[in-house]
Structures are given as structure tokens and as C-alpha cells.
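Here the structure is laid out as C-alpha cells; the discussion comes afterwards.
Hydrogens, waters and symmetry mates are skipped; everything else that's a heavy atom, side chains included, is used.
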Amino acid sequence: TLANLPTSRWLNLLNLDVIKAKNKPKAPPKKPKAAPFFLPTVPGLEQQFLVDEKLDGDEEDGKNRFLAADLHSFTEFGQALGQARSSEDYTAMYKTFLEKGPSAVDIEIRSLSPEGGGSIPLMVQFLQMLNLQIKSKRNFEVANAHLGLFIKVHEETIVSAPELRKHLALIQQSLERSWSGLQKELETTLCLTTFCKSSLL
């Protein structure tokens, strides 16, 4: 079966980098030259402008969060995928994955590799999740789009990792069986249509 998602969610995944490059602004936004019309002041005899002390605190918090993100570079999806063990877990994970937009999908797939904070075993689990979808004949078009993006992004890692090539070969076998079954059904339908057409004539 098909996922029946809008084509904007999966059709252009392989060309997402080209789309982002086209939509990138030619010049960075410019800061306004004039100050805001109203500046808050501190009550009192002398005029003093109110300085928001929270800004410095927010900057420090942002730096701390950034450092914490470096220490734990797995995404939330990657962490959950790493704990998946059964077919039910993979099915639930893929349902969550289907809810993400194109940019989020691109980030998640890029984050699977060791360079993106993931690992080879995590990439293997992602391929196992896709293989389960293909073997179960669910979400066929989206699973193929995700597989294509995975291969495009991680082609160098795939070449150097025998585990990934092994699971990609398994996915290839699943795809061949799926296409073989679909081809037989199409041929049967074509034969019946041709027979009915010739009978009517």
C-alpha cells in the first residue's frame, strides 16, 4: 500500500539541497539604523534606560544548551531508534518518522552517520526499519524515497562499511520480490482487460 502523504513531503527529498540553495537569500538581512521609537526607562528623578538582564542570562543558557547538544549529538528519533528491537518497535518508529517534514527527514537521515553524531549500528537499524516496510508492502513510495536519500547522503560510508552493504543487498532482494509480485498483478490485469475488450468487439 501507499502512504498517501502529500507529494511535497517525499517527492523532492533527493533535490532538497538544490531547493534550499535556490531559496537562500542573496544578501543577509540588514539591521535597522535607527533605534526603536520607545525605550523602557527606570522610574526616578534621573532618566535611565532599562537594560534587560535576562538577555545575558539567555545567552549563557543558550551556550550551555549548545554544549549539551554537542555531548549528546543523537537526535530524539535516533535515540529511540537505537532502542528499537522488535518489528512492532520499528513500525511505531516509522509512523513517527512519517510525521516529519522534508527538512526534518533530511536532518534525521544525515544524523545517522558517525560524522553526524550517529553510528554504523544505528544506520543498520534504519535500514532494517525500511526493509520491514518494504517487506510488509506498506508506505511503499515513501520508503523508497527515504532509501534513496539515505544512499545519496551516506554513499561514502556505505562503500567502507560491509554491514551496510549487506543490509542494502537484503533490501534489494525485498524490492525485487515486491516488484515481481506487482508485475504479475499488472500482467494479469492487462490480460483480463485485453480479453474483455476483444470479447466486446
Side-chain angles (χ1 to χ4, degrees), residues 1-25 66 69-87 89-183:
T1 58
L2 303 180
N4 292 325
L5 290 176
T7 54
S8 59
R9 298 278 294 276
W10 58 271
L11 186 61
N12 294 317
L13 280 176
L14 294 178
N15 301 319
L16 194 60
D17 51 349
V18 178
I19 296 173
K20 288 182 178 180
K22 289 183 177 180
N23 294 336
K24 187 177 181 180
F66 183 75
D70 282 346
L71 294 175
H72 305 284
S73 54
F74 273 175
T75 63
E76 184 177 349
F77 173 80
Q79 293 176 355
L81 180 61
Q83 298 174 358
R85 294 295 179 268
S86 63
S87 299
D89 293 339
Y90 286 129
T91 301
M93 287 302 306
Y94 200 67
K95 287 182 179 179
T96 303
F97 197 63
L98 289 178
E99 296 174 358
K100 298 181 180 296
S103 296
V105 167
D106 182 73
I107 292 174
E108 294 289 358
I109 291 180
R110 291 180 185 276
S111 301
L112 295 172
S113 67
E115 296 81 4
S119 62
I120 297 298
L122 188 63
M123 297 175 73
V124 168
Q125 285 188 281
F126 184 81
L127 291 178
Q128 289 175 339
M129 181 181 68
L130 291 182
N131 195 20
L132 178 64
Q133 294 298 311
I134 294 171
K135 289 170 68 175
S136 61
K137 301 178 181 179
R138 294 194 301 264
N139 306 313
F140 193 73
E141 82 284 22
V142 183
N144 277 275
H146 292 160
L147 176 63
L149 180 60
F150 180 91
I151 295 174
K152 176 184 177 181
V153 171
H154 302 301
E155 55 182 350
E156 294 183 1
T157 307
I158 291 171
V159 171
S160 60
E163 305 96 316
L164 297 177
R165 297 199 301 271
K166 174 183 175 182
H167 283 82
L168 283 171
L170 295 175
I171 290 179
Q172 183 181 8
Q173 294 175 6
S174 300
L175 286 171
E176 289 174 353
R177 285 193 294 268
S178 298
W179 280 115
S180 177
L182 180 60
Q183 184 178 8

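Relative orientation of the Phe126 and Phe150 rings is parallel, given thresholds of 30° and 60° on the angle between their planes.
For Thr157, the side chain to side chain donor-acceptor pair (under 3.5 Å) criterion is met by no residue, not counting sequence neighbours. Qualifying side chain to side chain donor-acceptor pair (under 3.5 Å) partners for Asn144, counting only residues two or more places apart in sequence or in other chains: none.
Only one option out of Ser113, Pro162, Pro114 pairs with Ile120 in a side-chain contact (heavy atoms from CB on, under 4.5 Å); it is Pro114.
Nearest heavy atom pair, residue Ser178 against residue Phe140, reads CB-CE1, 4.0 Å. In plain terms, the two heavy atoms of Gly82 and Leu122 that are nearest each other are N-CD1, 3.8 Å. Between Ala84 and Gln125, the shortest heavy-atom contact is O-NE2, 3.0 Å. Of all heavy-atom pairs spanning Leu127 and Ile171, the tightest one is O-CD1, 3.6 Å.
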_With side-chain hydrogen bond (donor to acceptor under 3.5 Å, both in side chains) as the criterion, how do Asp89 and Ser86 come out once you've worked through the C-alpha distance, each side chain's angles and the decisive distance to 0.1 Å?_
CA-CA 5 Å; Asp89 293 339; Ser86 63; 3.2 Å; yes
*Determine, step by step, whether Phe97 and Ile109 satisfy the side-chain contact (heavy atoms from CB on, under 4.5 Å) criterion, reporting the C-alpha distance in whole Å, the side-chain angles of both residues, the deciding distance to 0.1 Å, and the verdict.*
CA-CA 10 Å; Phe97 197 63; Ile109 291 180; 4.0 Å; yes
*asked:* Under the criterion side-chain contact (heavy atoms from CB on, under 4.5 Å), I'd like the reasoning laid out for His167 against Asn131: C-alpha separation, chi angles, the key distance, then a yes or no.
replied: CA-CA 8 Å; His167 283 82; Asn131 195 20; over 6 Å; no
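Considering NE2 of His154 and OG of Ser160, their distance stands at 12.0 Å, rounded to 0.5 Å. Rounded to the nearest 0.5 angstrom, Gln128 CD and Met123 CE are separated by 13.0 Å. The CZ atom of Arg165 sits 9.5 Å away from atom CG of Leu168, with the distance rounded to the nearest 0.5 Å. Put simply, CZ on Arg177 and NZ on Lys137 are 10.0 Å apart, with the number rounded to the nearest 0.5 Å.
The 12-atom threshold is not exceeded at CD of Glu156, counting heavy atoms of other residues, nucleotides or ligands nearer than 6.0 Å.
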